[in-house]
Amino acid sequence: MRKGSKRIATADDFLNLAEATAYEDPEEITLPHCGLKVILRKPRPVAFVIAGLRLPPAMSQKQSLEENQGQGRTISPEELELQIRNVRSYANLLRGVFVNPKLSLTPGPGEIHPELIPQPDQEFLLGWMSGEVGSDHSGLTSFQGRLRGLAASRSDGSALRVQTQRAPERQSR
């Protein structure tokens, strides 16, 4: 829809506008642990909304862990489903963040699965996306310390992983 158009805006018009402005311009970032360079786009707050996340992942995880801290209880099927949905939403957000290489839960040629990224670099990305860690890695040590402290507060120390399948091999043309 163009400015000055006499047509009434649709929901798709607003979604398209939000998607077009959801990420900052791409920048080259060196992942601190593995030392590999990637091209990423920092998400703006609207990107979290489009991906289905209410809060940046670090804040969401912190809230969830603090709510269950020291309780030693098993989560309900509904809570597990919510956590799985959050992990999938986080994966959607990461797909928008990664410009090169591309990220996919079912990677094909030229794509990588998020689990190929070393854990310390995943922590960096989490902090960088939420604005707690700079592109120059500033703030990373304190951010990782907070994450580890929150993870240690879980009674079972387990991590939630999304089950994925490998995409069928694509034939070259």
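All values below come from the heavy atoms of this structure, side chains included, with hydrogens, waters and symmetry mates left out. Not measured: the values here are computed from a predicted model.
- At least one donor-acceptor pair under 3.5 Å links the side chain of D13 to the backbone N or O of T10.
- Atom CD of residue E111 and atom CZ of residue F98 lie 12.5 Å apart, to the nearest 0.5 angstrom.
- Distance alone, capped at 3.5 Å, places no donor-acceptor pair between the T30 side chain and the G35 backbone.
- Across all their heavy atoms, V97 and P43 have their closest contact at CG2-CD, 3.8 Å.
- The CD1 atom of I29 sits 13.5 Å away from atom CG of L36, with the distance rounded to the nearest 0.5 Å.
- Taking CD from E27 and CD1 from I39, the interatomic distance works out to 10.5 Å, rounded to the nearest 0.5 Å.
- Here CD of Q119 is found 10.0 Å from NE2 of H33. Values are rounded to the nearest 0.5 Å.
- L15 CG to I50 CD1: the interatomic distance, rounded to the nearest 0.5 Å, is 6.0 Å.
- We find the CG-NZ distance between D25 and K42 to be 13.0 Å, quoted to the nearest 0.5 Å.
- Looking only at side-chain heavy atoms (C-beta outward), L125 and L31 come within less than 4.5 Å of each other.
- Nearest heavy-atom pair across Q122 and I117 is NE2-O, 2.7 Å.
- Proximity of S104 to I112: side-chain heavy atoms (C-beta onward) are nowhere separated by under 4.5 Å.
- Side chains of L94 and M129 form a contact here, defined as non-hydrogen atoms less than 4.5 Å apart.
- When every heavy atom of P101 is checked against every heavy atom of G110, the shortest pair comes out as CB-O, 4.4 Å.
- In this structure, the side chains of Y23 and L93 come closer than 4.5 Å at one or more pairs of heavy atoms.
- Residues W128 and L116 share a single hydrophobic cluster, defined by chaining ILVMFWY side chains whose heavy atoms lie under 4.5 Å apart.
- No donor-acceptor pair closer than 3.5 Å links the side chain of R44 to the backbone N or O of A22.
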